[in-house]
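Inspection log for the structure reproduced underneath, given as structure tokens.
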Number of protein chains: 2
Amino acid sequence: MPVTLQDVAAAAGVSQATAARALNNYGSVSAGAKERVLKAAADLGYETNHVAQALRSGNTRTVNFLPGNIGAPFFARIAHILSGTLEEAGYVLAVSSSYEQVERERSIIESMRARMSPGLIVAPAHRDLHEHLQRLQQRGTAVVAIDRSLAERGIDSITVDNYALGADAAAHLIALGHRTLGLIYDSDDIGSTPDRVRGAAEAIRAAGGTVVAIQAGTDLEMATTRICERLALSSSEPTALIPMDALMTEATIAAIRQLDLRIRTDLSLVAVDDHSLARLLDPPLTVMAQPVDQIGEDAARLMIQRLEGERTDEVVDLRHRAELIVRGSTALRN
Amino acid sequence: MPVTLQDVAAAAGVSQATAARALNNYGSVSAGAKERVLKAAADLGYETNHVAQALRSGNTRTVNFLPGNIGAPFFARIAHILSGTLEEAGYVLAVSSSYEQVERERSIIESMRARMSPGLIVAPAHRDLHEHLQRLQQRGTAVVAIDRSLAERGIDSITVDNYALGADAAAHLIALGHRTLGLIYDSDDIGSTPDRVRGAAEAIRAAGGTVVAIQAGTDLEMATTRICERLALSSSEPTALIPMDALMTEATIAAIRQLDLRIRTDLSLVAVDDHSLARLLDPPLTVMAQPVDQIGEDAARLMIQRLEGERTDEVVDLRHRAELIVRGSTALRN
DNA sequence: CTGTTAGCGCATTCAC
DNA sequence: GTGAATGCGCTAACAG
């Protein structure tokens, strides 16, 4: 029922080829013919069928976004930016959550190929299992990794320098006189936290401080309990804490409350990731804010450049610095 | 370079037609032929080309999700659920943010048609401007509205009963003895707040209380100032406040701080939308929690049913009830 | 400058 | 039960 190029051509009294040339501005068409085609197209309400176009040209102009969880604030905001920037360039954004499972990542990549998607922006589910991503790239799909760098594996990456993030958070605390810092993280090998922990730990040791590593697990309640236990131990009490992600921040604050301690007066706290409510906590949280929008913007632009072939140089590896925002949860060691 | 049905047929020594029948289980194929085809397909690593399939069959199996802002927590979580549920059923989720602008909504709908997307899940940008959605539906696209009901306009809708949400929040406060309630909202005609305000206002009046309406605008700082001003007015001081969305909650808390008042002791507060940090505020926030996951799940299922033609009855209009979660920010009026 | 022709990969009708 | 042939809507190579 929709009107096709054929219809437009007929209405304008030209051949399909001429109609196509007029509509897509290529080859040469006489001014008169072009005008008639355009008019006919407008009159009939013609819109090009992207599916047919895609089948013929081999380009669906669809970019896939594959984060661990599109519901998480960090990824959601990136999706927002991606969708805006890509749309302007005529692309559509398809999303799925990988649930941080490599298996799902693989199967989604399969279906991408079947759908002839030319680009993938992915937050790799795993640090080491990425052959499927490399294979995808070798087969001609543009791949950009975010959140976790795969540049060493030959894949363009836009990330936050998590090592520096950890180091900067620690440096702030050290400058305030703290020497024993608690680093709180969920597990040893998930996501960006290992780098953060390393960065913080090395900064602390370099300053002659001591590191209290608290591995609290991925469950909020359990993490709270574990943190309580560790903080209650009288030996080597930390005077400042760095929870390495949002969940750990929650657990840490909950634990501090349970122990009837006070943030800032009893314990300084630097959290990761800013959030509007962080300002409303009492005291407002000092945080390391990741440049989320920047990452989204860069990933989208890079993807577009790769797809349009405007950029063919070697692997891009952009690491953005997180920003320290000092608010009320950190104070001089007393 | 990818392997096509043609290749599989050749390798199996049958015609394309037979290969297609074997692969898609239709028509009749002899057991032997079927086996050879399946084996050939596996050997060659054949995957069906969805683009060609879509062009031929007219079904791209792609559902579009069009919220105001995919970066907002509410919509992001819905996207997560949608993506999971739709994928299981073999669909792909495409997203874009409408920025709450009807114009953008329209243009994205245009491009959907060009891409032959059979379904749209939309958070309508505007209450009254929805002819483009109706037209889309009339042209055969399945449309499901969330967040704002368009059931009266003939479009399936899965929403929260915002009127009841407002009324329930007010009822809670009234039960605690409050009689003068401040209703805080950004503007008169945006999104779901008008219904919430109406619900609350009517409940208050029905109980013989008095309503203090505070329209604070959409900018955080300005809103904070305005709320301060209103609360500072000595006439008819509210003893409890209901900020109608997340931004208003922030502004309200900020204002209360500025005035050196205390939540719970000086003013009770019921916020809308739960958030993990809401529990960590001091006091923890009493909230009206929207059944986000439920909405996502329902929208996805309904969409699938419409697309598969399993359901052809009249317009669906599901209104979920928000849940009151009593925590520490509300207390008996003193 | 313009028309004719041939597919892109697949599903399906129609003969056999 | 199977194959040959057609066309979804569009683009592009090739003639003219």
Side-chain angles (χ1 to χ4, degrees), chain A residues 1-38 40-41 44-62 90 111-118 139-140, chain B residues 1-38 40-41 44-62 90 111-118 139-140:
Chain A
M1 178 64 79
V3 20
T4 74
L5 185 57
Q6 184 101 251
D7 303 328
V8 175
V14 298
S15 76
Q16 244 188 78
T18 306
R21 285 190 271 252
L23 257 6
N24 303 317
N25 306 304
Y26 73 90
S28 20
V29 192
S30 69
K34 181 160 186 172
E35 194 179 341
R36 273 179 306 154
V37 170
L38 262 28
L44 299 179
Y46 170 78
E47 346 175 39
T48 107
N49 180 325
H50 280 267
V51 177
Q53 208 167 54
L55 178 59
R56 181 60 230 241
S57 68
N59 184 359
T60 55
R61 299 187 77 84
T62 298
S111 95
M112 269 186 64
R113 276 180 45 76
R115 288 173 180 277
M116 307 200 319
S117 171
R139 286 176 174 177
Chain B
M1 178 64 82
V3 22
T4 73
L5 185 56
Q6 186 100 249
D7 303 329
V8 174
V14 298
S15 75
Q16 238 188 84
T18 306
R21 286 190 270 251
L23 256 7
N24 303 317
N25 306 303
Y26 74 90
S28 20
V29 192
S30 70
K34 180 161 188 170
E35 194 179 340
R36 273 178 305 152
V37 170
L38 262 30
L44 299 179
Y46 169 77
E47 345 175 40
T48 104
N49 180 325
H50 281 269
V51 177
Q53 206 166 56
L55 178 59
R56 180 61 228 242
S57 68
N59 183 0
T60 55
R61 299 187 76 84
T62 298
S111 96
M112 270 186 64
R113 278 180 45 76
R115 288 172 181 278
M116 308 199 320
S117 171
R139 286 175 173 179

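We use all heavy atoms of the structure for the numbers below, so side chains are in, but hydrogens, waters and symmetry mates are not. Worth saying up front: this structure is predicted, and the values here are computed from it rather than measured. Naming convention: chains lettered A, B, ... in sequence-line order (proteins, then strands); numbering from 1 in each chain.
Taking R36(A) as the reference, A12(A), V14(A), A33(A) meet the side-chain contact (heavy atoms from CB on, under 4.5 Å) condition, with sequence neighbours excluded. Under the side-chain hydrogen bond (donor to acceptor under 3.5 Å, both in side chains) criterion, Q53(A) pairs with no residue, sequence neighbours left out. Applying the side-chain hydrogen bond (donor to acceptor under 3.5 Å, both in side chains) criterion to S117(B), with sequence neighbours excluded, gives N64(B). Evaluation of the salt bridge (Lys or Arg N to Asp or Glu O under 4.0 Å) rule for E35(B) yields no partner, not counting sequence neighbours. For R113(A), the salt bridge (Lys or Arg N to Asp or Glu O under 4.0 Å) partners two or more places apart in sequence, or in a different chain, are E47(B). Annotation: side-chain hydrogen bond (donor to acceptor under 3.5 Å, both in side chains) contacts of T62(A) (sequence neighbours excluded): none.
Atoms CG (L5(A)) and P (dT5(C)) sit 17 Å apart, rounded to a whole Å. Between the CG atom of D7(A) and the P atom of dG7(D) there is a distance of 16 Å, rounded to whole Å. Atom P of nucleotide dG9(D) and atom CE of M116(B) are separated by 8 Å, given to the nearest angstrom.
Mapping S30(B) and S57(A) onto DNA chain D by nearest heavy atom places S30(B) closer to the 5' end of the strand.
Pairing each heavy atom of L55(A) with each of L55(B), the nearest pair is CD2-CD2, 3.4 Å. Heavy atoms only, all atoms of each residue included: V3(B) and G45(B) are closest at CG1-O, 3.8 Å.
Summary for the helix from dC1(C)-dG16(D) to dC16(C)-dG1(D): the axes at its two ends, each from 5 pairs, differ by 50° when rounded to the nearest 10 degrees.
Taken from OG1 in T4(A) to CD in Q16(A), the straight-line distance is 7.0 Å, to the nearest 0.5 Å. Put simply, OG1 on T48(B) and CZ on R115(A) are 9.0 Å apart, with the number rounded to the nearest 0.5 Å.
Near DNA chain D, meaning a heavy atom under 4.0 Å away, the residues from residues 47-56 of chain B are L55(B), R56(B). Applying a 4.0 Å cut-off to non-hydrogen atoms, the residues of residues 15-26 of chain A that approach DNA chain C are S15(A), A17(A), T18(A), R21(A), listed by residue number.
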Which atom pairs, one a donor and one an acceptor, fall under 3.5 Å between side chains of residues 17-26 of chain A and the rest of the protein, sequence neighbours left out?
residue	atom	partner	partner atom	Å
T18(A)	OG1	S15(A)	OG	3.3
N24(A)	ND2	A20(A)	O	3.3
N25(A)	OD1	K34(A)	NZ	3.1

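Checking the phosphate oxygens (OP1, OP2) of dC8(D), no side-chain nitrogen or oxygen of T4(A) falls inside 4.0 Å.
As judged by a 4.0 angstrom heavy-atom cut-off over every strand, S28(B) is placed among the base-contacting residues.
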